[in-house]
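Only one structure is covered here, and it is reproduced in the block below.
Chain letters run A, B, ... following the sequence lines, proteins first, then strands; residues in each count from 1.
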Number of protein chains: 2
Amino acid sequence: MPPRYHRLMTRPLSHPDGAGVTLAGLLFALADPVRLAIVRELLKSPAGLNCTETTARIGLSMPKSTCSQHYRILRESGLIASERRGTELVSRVRAQLLTERFPGLLESVIAAYERERPAALRRRASRVSAAG
Amino acid sequence: MPPRYHRLMTRPLSHPDGAGVTLAGLLFALADPVRLAIVRELLKSPAGLNCTETTARIGLSMPKSTCSQHYRILRESGLIASERRGTELVSRVRAQLLTERFPGLLESVIAAYERERPAALRRRASRVSAAG
DNA sequence: CCTATAGTTCCCAAGTATTGAACTACGGAA
DNA sequence: TTCCGTAGTTCAATACTTGGGAACTATAGG
């Protein structure tokens with residue numbers, strides 16, 4: 001039996017637009033603490049980050065498959081755009097799209113995130129990633 | 001075997017406060033379209049609404065058990081406060097608490113909800129859009 | 001008491017998440 | 001070219017979560 005997903009890996013990544021970006025989808029994507037931390041980290045690097053690098057920066061070790069799933073959900077919700085560069089998948093937050101579709105939404109979620117997490121904790125997470 | 005939940009129904013309802021109200025909890029609660037619609041409906045009735053009445057107003061028929069679960073999740077996230085009045089459980093949005101803890105968050109989520117659903121659609125809210 | 005109404009709890013089927021293993025894809029070195 | 005290392009995807013198995021029917025508690029009004 002041949003592998004069922006032959007040639008599927010280079011298929012175009014789905015990036016919803018317009019009405020394809022739904023509030024429920026965005027909130028669902030953001031409701032997971034890991035995904036919220038990923039988005040926060042991506043916002044700090046407008047040039048984009050790959051999966052491995054983001055994982056390292058948020059100071060969480062998680063299997064590649066889990067990370068890949070989280071990125072897929074973020075991408076399919078419209079929160080991030082991903083682009084293949086060689087073996088990497090570089091992602092960044094779709095700030096303009098989000099501002100057009102739901103102005104202020106992402107900003108207030110991130111503001112709430114900052115308010116909930118004391119700065120000391122965030123610095124420690126950065127140091128862990130720098131060390132490892 | 002006696003019913004395991006004897007006398008449990010009148011136990012005090014849990015209403016988190018302060019750090020017990022988390023961003024992840026709120027986003028999780030709001031990420032469900034039914035719960036978001038419930039919150040929107042409760043906001044329109046500051047005096048509070050019971051479960052049956054809210055369900056009727058959002059134009060969705062759902063089993064009591066499902067409704068009860070949604071209300072429990074909303075309550076335990078900190079979004080709503082519920083009070084027993086006779087046989088009813090009257091709930092309302094904890095606007096003040098939410099403003100103190102995460103100012104602007106609920107407002108921008110509701111604004112996004114209004115932006116997504118045109119008023120005409122909201123009047124006949126029984127069908128969920130199949131657009132993708 | 002009885003009956004109606006409001007909501008809760010339990011349970012199970014159906015759905016979703018997590019993650020190790022197997023895999024594709026690409027870049028660089030030999 | 002072929003092989004290797006790295007990056008990420010897909011699949012499958014298992015663990016967890018959710019929706020809703022049935023059975024239940026609680027209260028109000030006869």
Please give, in whole Å, the distance from dG28(C) P to Arg85(A) CZ?
15 Å
Would you kindly give the CZ-to-P distance between Arg84(A) and dG27(C), to the nearest whole Å?
12 Å
Can Ser45(A) and Arg57(A) be counted as having a side-chain donor-acceptor contact under 3.5 angstrom?
yes
Report the nucleotide, chosen from dA7(D), dG20(D), dG7(C), that has the shortest atom-to-atom distance to any side-chain atom of Thr52(A).
dA7(D)
Would you kindly give the CZ-to-C1' distance between Phe28(A) and dT18(D), to the nearest whole Å?
12 Å
Distance in Å, Leu97(B) CG paired with His15(B) NE2, rounded so as to fall on 0.5 Å steps:
10.5 Å
Report the residues that fulfil side-chain hydrogen bond (donor to acceptor under 3.5 Å, both in side chains) with Arg101(A), sequence neighbours left out, ordered by chain and then residue number.
none
Pick one: which of Asn50(A), Thr55(A), Thr54(A) meets side-chain hydrogen bond (donor to acceptor under 3.5 Å, both in side chains) with Tyr71(A)?
Thr54(A)
By nearest nucleotide on DNA chain D, pick out whichever of Thr87(B) and Glu53(A) is the more 5' one.
Glu53(A)
Is the closest side-chain heavy-atom distance between Asp32(B) and Ile73(B) below 4.5 Å?
no
Separation of dA4(C) atom P from Glu88(B) atom CD, nearest Å, is 19 Å
Could you tell me how far apart Leu60(A) (CG) and dT18(C) (C1') are, to the nearest whole angstrom?
14 Å
Is there a residue in residues 67-78 of chain A whose heavy atoms reach under 4.0 Å of DNA chain C, and which residues are they?
Gln69(A), His70(A)
Are OP1 or OP2 of dT18(C) and a side-chain N or O of Thr66(A) less than 4.0 angstrom apart?
no
Please state how far atom CG in Leu89(A) lies from atom P in dT6(D), giving the value in whole angstrom units.
19 Å
Any side-chain N or O of Ser65(A) under 4.0 Å from OP1/OP2 of dT10(D)?
no
What integer distance in Å separates Asp32(B):CG from dG19(D):C1'?
11 Å
Check which hydrophobic residues are tied to Val90(A) through side-chain heavy-atom contacts below 4.5 Å, counting indirect links as well, and list them.
none
Pairwise side-chain contact, Arg94(A) with Asp17(A), heavy-atom cut-off 4.5 Å (strictly under)
yes
For the pair made of CD in Glu83(B) and C1' in dG7(C), what is the distance, rounded to whole Å?
15 Å
